[in-house]
Participant: 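My questions will all concern the structure given below.
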Amino acid sequence: MFLIETTMVDADVYLKYLPSVIASAAVCLARYSLGQEAWPESLSQSSQYEIGHFANCLTELHQTYINAPKHPQQALVEKYKTSKFHEVSDFQKNPPPTSLPYMS
């Protein structure tokens with residue numbers, strides 16, 4: 001949810017993408033951040049998206065994630081630092097990945 005909500009804070013960047021593309025990129029990045037296979041075949045089959053379909057959105061979402069601690073709007077970061085949301089935006093405990101899956 002944190003990744004999806006960050007796209008609303010920087011909405012101008014994401015207006016060019018279909019909601020399903022944003023959702024796919026967020027699921028991929030979240031799974032990768034948790035050490036899971038980023039985009040398994042089962043997700044490709046059920047969504048009918050290969051990672052190439054949302055690679056540009058994934059790259060932009062990754063940058064938004066990395067820059068979240070420096071964003072002027074910190075309400076979202078503070079919200080997701082709470083235990084209710086498993087402290088996903090506590091970047092000391094859960095730093096964003098430095099690279100992206102399947103990207104060079």
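The first residue in the sequence is number 1, and the count goes up from there. Computation of the quantities below employed the complete heavy-atom set of this structure, encompassing side-chain atoms and omitting hydrogens, waters and symmetry-equivalent molecules.
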Participant: Can you confirm whether H53 sits close enough to S47 that some side-chain heavy atom of one is under 4.5 Å from a side-chain heavy atom of the other?
Facilitator: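 They are not in contact (no side-chain heavy atoms under 4.5 Å apart), so the answer is no.
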
Participant: Compare every heavy atom of Y32 with every heavy atom of S99, then report the nearest pair and how far apart it is.
Facilitator: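 Of all heavy-atom pairs spanning S99 and Y32, the closest is O-CE2, 3.1 Å.
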
Participant: Give the minimum heavy-atom separation between Y65 and S33, together with the two atoms involved.
Facilitator: CE2-OG, 3.6 Å

Participant: Would V9 and M1 show up in the same hydrophobic cluster when neighbours are defined by side-chain heavy atoms closer than 4.5 Å?
Facilitator: yes

Participant: Are any of the side-chain heavy atoms of I22 and F54 separated by less than 4.5 Å?
Facilitator: no

Participant: Between CG of L15 and CG of D10, what distance do you get to the nearest 0.5 Å?
Facilitator: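 Result: 11.0 Å between the selected atoms.
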
Participant: To check you understand the geometry: which heavy-atom pair defines the closest contact between A68 and F2, and what is its length?
Facilitator: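 Nearest pair, atom of A68 first, then F2: CB-CZ, 4.1 Å.
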
Participant: Flag the pair H62 / T59 as yes when at least one side-chain heavy-atom distance between them is below 4.5 Å, and no otherwise.
Facilitator: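 They are not in contact (no side-chain heavy atoms under 4.5 Å apart), so the answer is no.
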
Participant: Looking at every non-hydrogen atom in both residues, tell me the closest pair between Y49 and L18 and how far apart they are.
Facilitator: OH-CD1, 4.1 Å

Participant: Judged by modelled atom types alone, do T64 and Y14 share a side-chain donor-acceptor pair under 3.5 Å?
Facilitator: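 Yes, side-chain donor-acceptor contact under 3.5 Å.
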
Participant: Given the rule that I, L, V, M, F, W and Y join up when any side-chain heavy atoms are under 4.5 Å apart, are L29 and F85 in one cluster?
Facilitator: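 Yes, because L29 and F85 connect within a single hydrophobic cluster, where side-chain heavy atoms sit under 4.5 Å apart.
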
Participant: Tell me, please, which residues at least two apart from A26 pass side-chain contact (heavy atoms from CB on, under 4.5 Å).
Facilitator: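 Per chain and number, A26 pairs via side-chain contact (heavy atoms from CB on, under 4.5 Å) with L3, I4, L61.
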
Participant: Write down the atom of I66, the atom of P97, and the distance for their closest heavy-atom approach.
Facilitator: CD1-O, 4.2 Å

Participant: Please say whether more than 12 non-hydrogen atoms of neighbouring residues, nucleotides or ligands are located less than 6.0 Å from CD in Q48.
Facilitator: no

Participant: What is the distance from atom CD of E50 to atom CD of E41, rounded to the nearest 0.5 Å?
Facilitator: 6.0 Å

Participant: To check you understand the geometry: which heavy-atom pair defines the closest contact between L43 and A38, and what is its length?
Facilitator: CD1-O, 4.4 Å

Participant: Taking only residues two or more places apart in sequence or in another chain, which ones pass salt bridge (Lys or Arg N to Asp or Glu O under 4.0 Å) with K16?
Facilitator: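 Once residues adjacent in sequence are excluded, the partners of K16 under the salt bridge (Lys or Arg N to Asp or Glu O under 4.0 Å) criterion are E60.
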
